[in-house]
Amino acid sequence: MTQRFVQELKKLKSDVLDMANLSKEMLNESIEALKTQDVSVAEKVISQRKDIRVYDNQIEDDAKRLIALYQPVAKDLRTIITILKMNTYLTRIGIYSKDISRDIKAIPKDNGFPRLKSICLMGDLVLDMLDDVIKAYETEDLSLIEDMGKRDDTVDDLFFTILRECISYMIENPNSIGFYTHYMLMARYLERCGDHVCKISEKLNYMITGERIIIK
Amino acid sequence: MKKKKYALECKNLNLWYGENQALYDISMKVIKNKVTALIGPSGCGKSTLIRCFNRMNDTIDECKVDAELIFNNENIYSSNADVVKIRRKIGMVFQKPNPFPKSIYENIAYGPRTHGERKKEKLDKIVKKSLEAAALWDEVKDRLQKSAMGLSGGQQQRLCIARALAVEPDMILMDEPCSALDPIATTKIEDLIDELKKDYTVVIVTHNMQQAARISDYTGFMYLGKLIEFGETRKIFENPDEELTEKYIMGRFG
């Protein structure tokens, strides 16, 4: 039975990796769409929302089955619990990517309001963080995520800068309120994605060492 | 921090069966009013160790023990130790229920009577109290004079626990008490063990790791006659220190 458990756990772990890569792809594309204003890319991300849901349900079911049938302990149990939590965080990242894409579609084009470059930079930082946390999960190399807290602080700083910037533009020209509200929301979604990456990092640390750390 | 009280302290226990050493330098402290579980693969010495705790190994001719086992400030293995008294204070329950082929009542009364109790009212009280403590009273109170052999396996096992309780021990050793029982009887024994630790110290040997994780407060993992790791059950099952322990509890052995 151990053989079967090991096989099934391996499959579960690789399913989460696939899901993580899908979330990353969605975030990456939504940031691309943000940079290029390409609505077709944004539409693709929106359509991928349903794929995330399929992973979400399937991983939860498989994890539940493994716990019920094999009563795993120690690292096996920590891994499954971490996978369940990652499942949620990755789903959120996928949904935020979809939300960003929705905003991109809703932003009116060529209305003359200055676009915010800093939000693209913020997106790239969050994407790098996500990339590293996925690598850390794959390789169990914790050094990849040891400075996650600091990196997320930078993301948070950018978030507040963008908020202030948007508010200044809004005050300057109340006609731009609708336009910049989209930017504020997108910045907020990216900030949330950064937090979820930090939570995944905490769980990975727990999975690998059994010790709990607090990043955020 | 509250100082832990030890029911039994085992220091540097070595044991040989003839020429073969079966236990190597085992030191552990059994904490009072807690359940301590011993786990490990077959033949690792769990049963041998638990049988040292009330000198049951004395019955095996070629078994030689070198140890200091402190129980109530006395060394169980000192030359002037009173083995009968030790076994009264440290009771034992075995894998297969082994009631005497006598009535339910006699099974319980036998021990106290051997230890000198003759009064019927007193014996009646002991029988009732012991059966109640073993969660069996309600099921057998109307047939105390019937043969114990007519009870189900789970009831017989609880009868054996009641019989061990009748002589008012401090500690109860259980050697795989559930392995011959069905799941419902197993649950009852597990609930009972949880109750028993209020008044007694329990040491249990089990092959069922989930059972150890469920019912015990402390767990010792043994392998090839050595105590590899001993500590709080939660720690052992969530994040053990030793790789060997982790491999065993995760079922990745050999």
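Residue numbering restarts at 1 for every chain, and letters A, B, ... go by the order of the sequence lines.
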Query raised in the report: Rounded to the nearest 0.5 Å, how far does CZ of A/Phe5 lie from CZ of B/Arg252?
Result: 6.0 Å

Report task. Give, for atom OG1 of A/Thr79 and atom CE of B/Met250, the distance between the pair rounded to the nearest 0.5 Å. Result -> 7.5 Å

Requested in this report: Please say whether more than 12 non-hydrogen atoms of neighbouring residues, nucleotides or ligands are located less than 6.0 Å from CZ in B/Arg234.
Outcome: no

Query raised in the report: Do you know which of A/Gly210, A/Pro72, A/Ala74 has the most heavy-atom pairs under 4.5 Å to chain B?
Result: A/Ala74

**Report entry** A/Lys85 atom NZ, over 12 foreign heavy atoms within 6.0 Å
**Finding:** no

Report task. Using a cut-off of 6.0 Å, state whether more than 12 heavy atoms not belonging to B/Lys89 lie near its atom NZ. Result -> yes

Query raised in the report: Above 12 or not: heavy atoms from other molecules or residues under 6.0 Å from NZ of B/Lys235?
Result: yes

Query raised in the report: Would you say the side-chain atoms of B/Glu246 pair up with the backbone N or O of A/Lys75, donor to acceptor, closer than 3.5 Å?
Result: yes

Report task. Heavy atoms only: give me the nearest B/Ile249-A/Val73 pair and the separation to one decimal. Result -> O-CG2, 3.1 Å

Query raised in the report: With distance as the sole test, does A/Gln71 use its side chain to make a donor-acceptor pair with the main-chain N or O of B/Gln210 at under 3.5 Å?
Result: no

Query raised in the report: Take atom NZ in B/Lys197; do more than 12 heavy atoms of anything else shown fall under 6.0 Å from it?
Result: yes

